Amino acid sequence: MTVQEYNTCVKEYSDKIFRFVLKNIGHVEKAEDIVQDVFVKVWMKVDDVSFEKAKSYLFQAAYNTMIDAIRKDKKLEFQDEIQLGGSTQQPDLGLKEALDIALNNLPQIQKSAVLLRDYEGYDYKEIGEILDLNESQVKVYIFRARKNLRAFFTGKEELVA
Amino acid sequence: MSTVNKYNYEAVLLDFAEGRLSASETDALFDFLAAHPELQEDFDEALQMCSIPEDETPAFSAKSALLQDENLDAKQNLIIAHLENVATEEESKKLNVLLKEDKTAQQEYAVFSKMILEENERIVFAGKEGLIQTVRISYAAWVYRVTYTAAAILLLMLAINGIDFTEDEPKYSFASTSLPKFNLPKIDRNNRDVKVADTPQKPTVKTNHKVPFNPYIEENNDAITAEVLDLNLIPISQDIQLREAQVSQLAYLAPKQFDTPKQEEQIPTLLDRIALESNVFNVTYGFAENMAKKVKAVREEYADKDYLEVRVWRVHAQVKKPNWMKFNRQ
């Protein structure tokens, strides 16, 4: 990958990776640090990464860095910006806000899988490569994620009406 | 129950009306009534009292809402598969039929359709500009460039003025002169907020070095000044890969200062360069072999450090531009 291609990656994908990480951990500064780290890592391996595979490489690096950060720093309150909804319904909740809460209630792996699917339109194979899963596992996680999201709206059908 | 008699027949009648009598007890009751036809009226009355007619009008209206669809899971799987675009032809047909006939399936389809996540493109990464790279020089390329430049300059000087190689003092070690030491604040390894410490001081110092090739130095400025532009303390990541990246990225900063496109433009300001010095590596003016040794030393030394201490130096001396160079550029 050339410097120009690397810079194209920064311009094209840094926002997407930021949103992906932010949705996963719900903490702006932490997400910014992770994106920064990811691009530093990629820059150091810029000769080894092809431009064609750069996007999935970036997402893979982002996911791994994020998981490492979560493991290392479990005490950090990642969720301080988006309150977990649980069973208490908030009166002025819109669909998007409710979906955010529902998303935050998903297990980490389901959340990442469904975000990669919906945000980036990756197929199961590509998601599997990023998350280090096989295609069947990805499918199972995505189906479960969708059912869990649906279950969150049980009794709150007016939000999706 | 004992036998039915005039004293207990009312209670027995009530039990009968409520269906609590066994077959033998019922037979006993009817035998008793047959023997006492005058009690038939009481019997009819008891039956009427107990059989309250069911009023069916106030039905529980929300019953259907409470009923659980026994096939919901299968329907949801079909819907998800369809929305995920992984449904087989058979599954698609099945879903089409369901969507025409089944109200639950229609509702579920509507809900699932609205739960596809959408990216909020207003959320952007604020540090994007900082990630843009303007130049990239690998170590090999940098070593080549420094070697090439240094060799060219040496040859140029030799051709014009000659250089005395017998002198003991190295001629190009300007920035490796003794630098003032600072009392650096202690860095708390657990304090993740520390990024760059305040610069305690930015002294300007004079060195004792003399520029060895006088023809290009102005007579009134034959000494070199060294100035600390900045002093940064950067915590070293605990992640081994990140540490490697941090150190390497800082090492990249140094060659960038040398990155002037045209060699002849380097000559007048050859000595006006930025030098970086840190507690774990030292990038100054130097030749390729020195640089290679320093890079190697970095990798060995930084492992147990808590932070990188990076001093940015400007080393300055005026050098006259030779006349032939002016001529060449016309």
Side-chain angles (χ1 to χ4, degrees), chain A residues 2-4 6-7 9-11 13-23 28 31-33 35-47 65 68-69 72-73 76 95-96 99-100 102-103 114-115 117-120 123-124 139 142-143 146-147 149-150 152-154 157 159-161, chain B residues 65 68 72-73 75-81 83-86 107-141 190 192-193 195 237-252:
Chain A
T2 65
V3 178
Q4 287 74 21
Y6 167 83
N7 284 340
C9 287
V10 173
K11 289 170 192 165
Y13 305 137
S14 62
D15 288 340
K16 287 177 176 292
I17 289 168
F18 177 63
R19 287 192 281 266
F20 170 69
V21 177
L22 181 63
K23 283 286 179 188
V28 174
E32 284 176 346
D33 286 349
V35 177
Q36 190 91 20
D37 291 349
V38 165
F39 276 94
V40 168
K41 281 179 185 173
V42 171
W43 175 245
M44 300 315 298
K45 293 193 171 181
V46 73
D47 291 330
T65 309
D68 285 348
K72 280 179 189 170
D73 223 352
L76 264 187
L95 174 62
K96 283 190 177 179
L99 265 177
D100 273 342
L103 191 66
V114 81
L115 281 171
R117 181 74 175 153
D118 286 356
Y119 277 17
E120 301 307 322
D123 63 28
Y124 293 164
K139 185 177 176 183
I142 287 179
F143 271 57
R146 299 223 182 276
K147 284 187 185 177
L149 289 175
R150 171 67 185 95
F152 182 84
F153 285 89
T154 303
E157 272 78 9
L159 289 172
V160 281
Chain B
Q68 298 298 321
L72 183 64
D73 196 54
K75 289 174 190 173
Q76 287 182 336
N77 281 342
L78 279 178
I79 292 166
I80 295 171
L83 293 174
E84 283 285 314
N85 210 17
V86 294
Q107 287 168 345
E108 287 298 309
Y109 189 88
V111 173
F112 274 105
S113 302
K114 289 189 177 177
M115 289 195 314
I116 304 293
L117 305 172
E118 286 177 18
E119 237 181 330
N120 182 354
E121 295 193 347
R122 286 180 299 170
I123 298 174
V124 293
F125 176 55
K128 201 187 299 178
E129 288 303 313
L131 294 174
I132 299 289
Q133 301 286 347
T134 53
V135 66
R136 179 174 65 84
I137 308 173
S138 68
Y139 286 124
N190 298 318
R192 303 174 64 88
D193 294 324
K195 284 182 180 168
S237 171
Q238 299 307 300
D239 181 296
I240 187 75
Q241 277 186 309
L242 275 182
R243 263 193 283 179
E244 184 87 8
Q246 277 183 318
V247 172
S248 301
Q249 204 176 46
L250 283 167
Y252 272 120

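Treat the numbers as computed from the prediction; the structure is a model and nothing was measured. Throughout, protein chains are lettered first and strands after them, A, B, ... in sequence-line order, and every chain is numbered starting at 1.
A:Lys139 and B:Glu84 are not joined by a salt bridge, as no carboxylate oxygen comes within less than 4.0 angstrom of a charged side-chain nitrogen.
Of the atoms belonging to A:Ile17, not a single heavy atom falls under 4.5 Å from chain B. With a threshold of 4.5 angstrom between heavy atoms, A:Lys96 approaches chain B through side-chain atoms but not through N, CA, C or O. Residue contact with chain B, scored on non-hydrogen atoms closer than 4.5 Å, is absent for A:Phe20. Using a 4.5 Å cut-off between heavy atoms, A:Gln4 makes no contact with chain B at all.
Using a 4.5 Å heavy-atom cutoff, the side chains of B:Leu117 and A:Arg117 are not in contact. B:Lys114 has its side chain out of reach of A:Leu99: every pair of non-hydrogen atoms, C-beta onward, lies at least 4.5 Å apart.
The closest donor-acceptor contact from the side chain of A:Arg19 to the backbone of B:Ile123 lies under 3.5 Å.
Rounded to the nearest 0.5 angstrom, A:Ile142 CD1 and B:Leu83 CG are separated by 12.5 Å.
Nearest heavy-atom pair across A:Phe143 and B:Asn77 is CE2-O, 3.6 Å. What you find for A:Asp118 and B:Met115 is that their closest heavy atoms are OD2-O, 4.3 Å. Minimum heavy-atom separation, A:Arg146 to B:Phe112: O-CE2, 3.5 Å.
Considering only heavy-atom pairs separated by less than 4.5 Å from chain B, the leading option among A:Leu115, A:Leu103, A:Leu149 is A:Leu149.
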